[in-house]
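Take a look at the structure below.
Nothing here was measured: the structure is a model prediction, and the numbers come from that model. Just follow the structure's listing: the first ligand is 1, and inside any ligand the first atom is 1.
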Amino acid sequence: MLPLSDTLVAEILSLAADAIICVDGEQRITFFNDGASRIFGYEAEEMLGQPLATLLPLRFRTMHSAHLSKFGKSEQSSRRMGERSLISGVRKNGEEFPAEAAIAHMQSERGPVYSVVLRDVTEQRRADETNERLLAEMEKAVKQRDEMLGLVSHDLRNPANAVKMLAGAILRLGESGDAELPAEVVEHATVMLQAATQIDALIQDLLDSTRLEAGRLRLTPQWTSAGELAMAAVETLAPLAAAKGIALTRGLAPNLPDVYADTDRITQVLSNLIGNALKFTPEGGAVRIESVVDGKFVEFSVRDSGSGIPPDDLPFVFDRYWHSKRMNRSGAGLGLAIARGIVLGHGGRIWVESTQGVETIVRFTLPTRE
Ligand SMILES: Nc1ncnc2c1ncn2[C@@H]1O[C@H](COP(=O)(O)OP(=O)(O)OP(=O)(O)O)[C@@H](O)[C@H]1O
Ligand SMILES: [Mg+2]
């Protein structure tokens with residue numbers, strides 16, 4: 001390697017955006033590059049021969065000079081680049097600014113030389129502070145939204161349940177034969193019952209998702225049959241599948257071990273997954289639930305022959321309130337987020353595999369006795 005000429009080295013140093021400053025054994029400035037002029041506002045001529053301390057806030061001057069001579073005396077740190085540390089500098093106009101500085105100690109034929117490489121981090125600090133502030137504001141807004149949702153959902157439950165109960169009572173009155181209800185009344189009461197049931201389910205989802213987010217969703221797991229869990233969910237959704245003309249089938253591996261699960265919550269997970277499969281599969285399609293043993297877990301899968309999920313959308317499907325832009329909005333976008341929270345709460349995993357236009361498979365695992 002050819003040694004660089006002194007002029008070339010000086011030119012390279014002057015090009016650097018950082019301040020590069022050298023001082024002698026007396027801590028007087030012997031080199032002050034263009035970067036240093038830009039940062040501190042002094043011309044090199046003004047600074048040559050001046051004490052380095054001129055560039056530091058008054059309160060640091062004595063401490064810094066003691067530190068520098070100690071650094072010069074220590075065998076180990078001499079010649080080696082010191083770590084970048086955060087210090088304060090002061091410009092010609094008196095303005096103080098945060099800087100990152102590294103210091104090195106060398107011996108030259110004219111005695112010791114300290115060189116300081118310093119970077120003005122004012123902008124970086126400002127950007128960091130802005131980011132931190134924005135993040136804190138965002139977190140606060142999300143928390144407030146969740147608290148608000150929790151409150152509103154909670155207060156909406158009673159009126160929703162009242163409508164549900166009364167619509168049910170009207171229908172039972174007709175069924176019992178105690179009253180002769182006009183067909184129109186029966187029809188209206190049926191629609192009211194359906195609507196109130198939908199409202200109730202949405203409120204329940206909003207409450208669950210806010211509880212999950214706050215880590216307040218309680219699970220009461222017990223040893224339970226994996227096969228029965230899958231069977232119960234399939235039976236509940238069979239009428240919906242039949243109404244949509246979709247073949248809903250199940251395949252359970254023989255001798256499935258028990259899983260440690262909160263039955264209601266896992267039934268909710270399976271219902272959400274089967275509900276999605278039915279929602280995104282056209283008439284004549286097929287939905288299949290399987291359970292197999294996978295090491296210390298039972299793996300459940302829900303496979304449908306529906307629209308599939310585009311690869312770009314896959315990373316977002318478990319986000320709260322997320323919907324694919326490519327599909328009509330038909331739900332709150334909470335089902336998978338809740339399913340994920342519940343499965344993770346059981347110590348399991350949940351994931352999606354999908355081929356657009358062909359099929360979607362959502363799989364999740366639950367721990368077994370072994
Ligand atoms: N089986 C599936 N096939 C195709 N797309 C799906 C399937 N399951 C989920 N998705 C996509 O993922 C999105 C999020 O699903 P998620 O269950 O969380 O919400 P949702 O069904 O839209 O609303 P909610 O479940 O709250 O009623 C869906 O809107 C859909 O775009
Ligand atoms: Mg859903």
Using a 3.5 Å cut-off on N or O atoms only, is [X] in polar contact with ligand 1?
X    : result
D205 : no
G333 : yes
S307 : no

For [atom], the protein heavy atom that lies nearest, with its residue and separation:
atom                    : answer
atom 2 (C) of ligand 1  : F280 CD1, 3.6 Å
atom 18 (O) of ligand 1 : L336 N, 2.8 Å
atom 25 (O) of ligand 1 : G335 N, 3.1 Å

Specify side chain, backbone, both or neither for [X], according to which of its non-hydrogen atoms lie closer than 4.0 Å to ligand 1.
X    : value
I309 : side chain
F318 : neither
L334 : both

If the condition is side chain to side chain donor-acceptor pair (under 3.5 Å), which residues does R119 pass it with, not counting sequence neighbours?
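Per chain and number, R119 pairs via side chain to side chain donor-acceptor pair (under 3.5 Å) with D18.
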If we only look closer than 2.8 Å, how many protein N, O or S atoms does the Mg ion (ligand 2) have near it?
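Number of qualifying protein atoms: 1.
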Tell me the nearest of N276, I274, I361, L206 to atom 8 (N) of ligand 1, using heavy-atom distances.
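Looking at heavy atoms only, the winner is N276.
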Around E137, counting heavy atoms of other residues, nucleotides and ligands shown, do more than 12 lie under 6.0 Å from its CD?
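Yes, the 6.0 Å shell around CD holds more than 12 heavy atoms from other groups.
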Is there a donor in the side chain of D208 and an acceptor in the side chain of Q268, or the other way round, less than 3.5 Å apart?
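Judged by distance alone, the side chains do pair up.
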Pairs where residues 32-56 contributes a residue and the test salt bridge (Lys or Arg N to Asp or Glu O under 4.0 Å) is met, not counting sequence neighbours
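Checked against salt bridge (Lys or Arg N to Asp or Glu O under 4.0 Å) - neighbours excluded - the pairs reaching residues 32-56 are E46-K92.
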Charged N to carboxylate O below 4.0 Å: is that the case for D24 and R110?
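R110 and D24: not salt-bridged.
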Residues E123, R126: salt bridge by 4.0 Å N-O rule:
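A salt bridge is present here (some side-chain N lies under 4.0 Å from a carboxylate O).
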By ring-ring contact (aromatic ring centres under 6.0 Å, His included), which residues pair with F40, not counting sequence neighbours?
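With neighbours one apart ignored, the set is F97.
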For V298 and S291, which heavy atoms make the closest approach, and how far apart are they?
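For V298 and S291, the tightest heavy-atom pair comes out as CG1-CB, 4.2 Å.
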Non-hydrogen side-chain atoms of P311 and Q356 separated by less than 4.5 Å
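Heavy-atom side-chain distance check passes, below 4.5 Å.
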Test log, rule side-chain hydrogen bond (donor to acceptor under 3.5 Å, both in side chains), inputs T249 and R288
CA-CA 5 Å; T249 58; R288 187 169 174 78; 3.1 Å; yes
Option among R211, R320, R216 that satisfies the salt bridge (Lys or Arg N to Asp or Glu O under 4.0 Å) test with D146
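Only one option passes, and that is R320.
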